[in-house]
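Ligands are counted one by one from 1 in listed order, and the atoms in each one are counted from 1 as well. Everything numeric in this text was worked out from a predicted model, so none of it was measured.
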Amino acid sequence: MNCLNFLDFIKSEFGQLGQEEGFRYKYFDDEIKGIVVCWMVSKKVLNFTVKNKFNLLIAHEDLYFPPEYAGGDKTGVVSDFRKELLERNRINFLRLHYTIDKNFIFDVFDKLSGGKVLIKENFYRVYEFENNKLEDLAKELKKKYKVEFMRITESNKRVKRAGCLVGGLGLSINSKFIDKILTYNVDTVIAGEVDEYTIRALSDLKIGIIELGHEISERPGLIKFTEYLKKKLPEIPVKYL
Ligand SMILES: [Fe+2]
Ligand SMILES: [Fe+2]
């Protein structure tokens, strides 16, 4: 299977890709020797890929910095460093963002939240809790996500309706999404990553925040996607990093 066959396989399973998705690099006719799935490229990911002679890198987030959403044009100090490494080792890069969010990340996040899913309209999700103290809910989530630290606000607040801001949805660049989730009368949000714009905005309304971490919140869904690939493509080595 080469990279273009792989992309056809993904489209046949999940439908058309979003605009921000698809191949960003470069030798699409090469046979796939191994696939690494990651949240975002890093030195660790690149080193593993090179060392094991894998040649398809699938990341949930952008290859480039500055990223496309910030108007990046695929150049820059970091972009050039990453491209040079891919080039030198003939590694292909595929971004799968919307597709993995839609088919894996949100559903896994719903389950791990521990709440009952009250509202599920596209990416708008609201979970019902039985009056849990926010701090206690955060402690439960810390255990489930196996992390030592989390950022919270309104620690004594009682949680009954929590909105889902998995991944980067809690960033002010997504404030239209955040504004809409507030119309569902949530008292708390469970987020991947929030910035200070969001913290200030929600604190004015005394809405509590549990911030897990961007990667941490998306990782379980990405692992599920990796397991899915392993099952579907048993002839190709697939590894999550
Ligand atoms: Fe995501
Ligand atoms: Fe994300």
Legend entry - Proximal protein heteroatoms (N, O or S) of the Fe ion (ligand 2), under 2.8 Å: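 Hits for the Fe ion (ligand 2) below 2.8 Å: Glu61 OE2, His214 NE2, Glu218 OE1.
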Legend entry - salt bridge (Lys or Arg N to Asp or Glu O under 4.0 Å) partners of residues 2-14, not counting sequence neighbours, each pair once: Glu13-Lys232
Inset, instruction - Can you run down the salt bridge (Lys or Arg N to Asp or Glu O under 4.0 Å) pairs that involve residues 202-223, sequence neighbours left out, and say none if there aren't any? - result: Arg151-Glu211
Legend entry - side chain to side chain donor-acceptor pair (under 3.5 Å) partner of Tyr25, the single match among Lys83, Arg95, Arg82, Glu87: Glu87
Legend entry - Residue pair Asn55 / Glu31: nearest heavy atoms and the distance that separates them: ND2-O, 2.8 Å
Inset, instruction - Please report the shortest heavy-atom distance between Tyr145 and Pro220, naming the atom on each side. - result: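 Heavy-atom minimum between the residues: CE2-CG, 3.7 Å.
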Under 3.5 Å, sequence neighbours excluded: what are the donor-acceptor pairs made by side chains of residues 164-177?
residue, atom, partner, partner atom, Å
Ser172, OG, Asp195, OD1, 3.4
Ser172, OG, Asp195, OD2, 2.9
Asn174, ND2, Gly168, O, 2.8
Ser175, OG, Ser172, O, 2.8

